[in-house]
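The chain is numbered in sequence order, starting from 1.
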Amino acid sequence: MRKNIVAGNWKMNKTHAEATALANDVVGSNYAHEVQLIMFPPAVYVSEISKIAASSNVAVGIQNSSQHESGAYTGELSTSMIKSVGANYVLVGHSERREYFNEQNDVCAAKVDQILKAELTPIYCCGEVLEEREASNHFNLVQSQIEEGVFHLSADDILKCVIAYEPVWAIGTGVTASSDQAQEMHKFIRTLLVDKYGIDVANDISILYGGSCKPSNAKELFANADVDGGLIGGASLNASDFIAIANSF
Ligand code: 13P
């Protein structure tokens, strides 16, 4: 059965002192342990924060990884390095990576392969910008992101992945997708998975919602049949908000 997951993407925020304090607060919090919590700090803190989280049920991930195995790629981090410092999850294809770093579906697919090769869990992000939704192209767009990013995987490998739907117009804007809009797209993604891999596989894959998710709207979003948790930006920068979201199932 698929897991409920609440993941905090801290993006490019927090000094070292602030980041370690936040990690300690999250790890020391009370939350329902059937929810998998994951912290995604900036890469430079991942090693230390993995140690902070080591004796807890909270997992740690990294916001980006290289599609290459090793070598002359200045500034990049390989999945084997990431694994060796204790991270277990990697974000792939976040809309900010797609927009500002020109990451296309083929690069995301290569990243997914490296992540799985290192026995880490990719959280593969998809989602449309506002113009695409207004042009009613959002289903097509998300379909191509999913097909080109992860549909080369075997059933065994797709089962090791998590998918996150993050409508770009809802990220950091305060505008959340309505509960119905979220469920509609999550159901669409689940149906793509059913058509490609069958119902049993599709039902075992967690699909997270991201985009202005906060304590006040998490319960309604998570109540949907195909919404298995959240990928949280702004509200994950505060431990009590993040934990309130985790306790919203
Ligand atoms: P916000 O929760 O700040 O809208 O960010 C969502 C996000 O991009 C998480 O990856």
Side-chain angles (χ1 to χ4, degrees), residues 4-15 18-23 25-27 29 31 35-46 49 53 58-65 87-101 103 108 121-130 133 138 142 145 162-179 181-182 185-186 189 206-222 224 227-249:
N4 286 335
I5 297 172
V6 172
N9 176 8
W10 300 0
K11 305 191 181 182
M12 199 174 74
N13 293 293
K14 303 284 180 191
T15 63
E18 290 166 348
T20 52
L22 175 56
D25 285 349
V26 169
V27 164
S29 295
Y31 67 96
V35 180
Q36 176 65 63
L37 286 192
I38 313 168
M39 300 183 284
F40 286 91
V44 70
Y45 309 137
V46 163
I49 289 181
V58 181
V60 177
I62 197 155
Q63 299 170 18
N64 181 38
S65 63
N88 290 112
Y89 290 83
V90 186
L91 295 183
V92 189
H94 191 280
S95 62
E96 289 148 18
R97 301 288 320 170
R98 292 178 187 267
E99 182 178 355
Y100 305 131
F101 303 95
E103 288 185 12
C108 295
T121 300
I123 299 189
Y124 181 78
C125 304
C126 58
E128 79 284 359
V129 299
L130 188 59
R133 180 164 280 265
H138 46 303
V142 168
Q145 289 173 330
V162 173
I163 291 175
Y165 169 59
E166 298 204 305
V168 181
W169 47 272
I171 296 179
T173 58
V175 180
T176 317
S178 69
S179 177
Q181 286 172 321
M185 185 59 88
H186 282 233
I189 295 168
S206 301
I207 307 177
L208 314 183
Y209 168 80
S212 296
C213 183
K214 40 189 183 264
S216 59
N217 58 27
K219 212 178 181 68
E220 198 187 340
L221 288 160
F222 297 173
N224 287 300
V227 178
D228 306 309
L231 178 54
I232 320 299
S236 73
L237 298 175
N238 173 295
S240 60
D241 284 349
F242 185 58
I243 296 301
I245 294 170
N247 287 329
S248 296
F249 288 94

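Looking at P41 and V60, their side chains come closer than 4.5 Å, going by heavy atoms from C-beta outward. T121 is not listed as a side-chain neighbour of Q36, based on a closest heavy-atom distance of 4.5 Å or more.
Contact between V35 and Y31 at its shortest, heavy atoms only, is O-CE1, 3.6 Å. The shortest non-hydrogen separation linking V6 to F249 is CG2-CE1, 3.7 Å. C126 and I189 get closest at one heavy-atom pair: SG-CD1, 4.0 Å. Considering all non-hydrogen atoms of both residues, L208 and L231 come closest at CB-N, 4.2 Å. The two residues S95 and V168 come nearest to each other via the heavy atoms CB-CG2, 3.6 Å. Here the closest non-hydrogen pair linking S179 and L221 is CA-CD2, 4.1 Å.
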Evaluation steps, side chain to side chain contact (heavy atoms under 4.5 Å, CB included), between Y89 and M39: CA-CA 9 Å; Y89 290 83; M39 300 183 284; over 6 Å; no
Derivation of the side chain to side chain contact (heavy atoms under 4.5 Å, CB included) call for I243 and L37: CA-CA 9 Å; I243 296 301; L37 286 192; 3.7 Å; yes
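No side-chain donor-acceptor contact under 3.5 Å links H94 and Q63.
Using cut-offs of 30° and 60° on the angle between ring planes, the pair Y209 and H186 is tilted.
For CD of E220, the number of neighbouring non-hydrogen atoms (other residues, nucleotides, ligands) closer than 6.0 Å is 12 at most.
Remark: Y124 engages R98 in a side-chain hydrogen bond (donor to acceptor under 3.5 Å, both in side chains) (not counting sequence neighbours).
Tested against F40, the residues N64, I232, I123 include a single side-chain contact (heavy atoms from CB on, under 4.5 Å) partner, I123.
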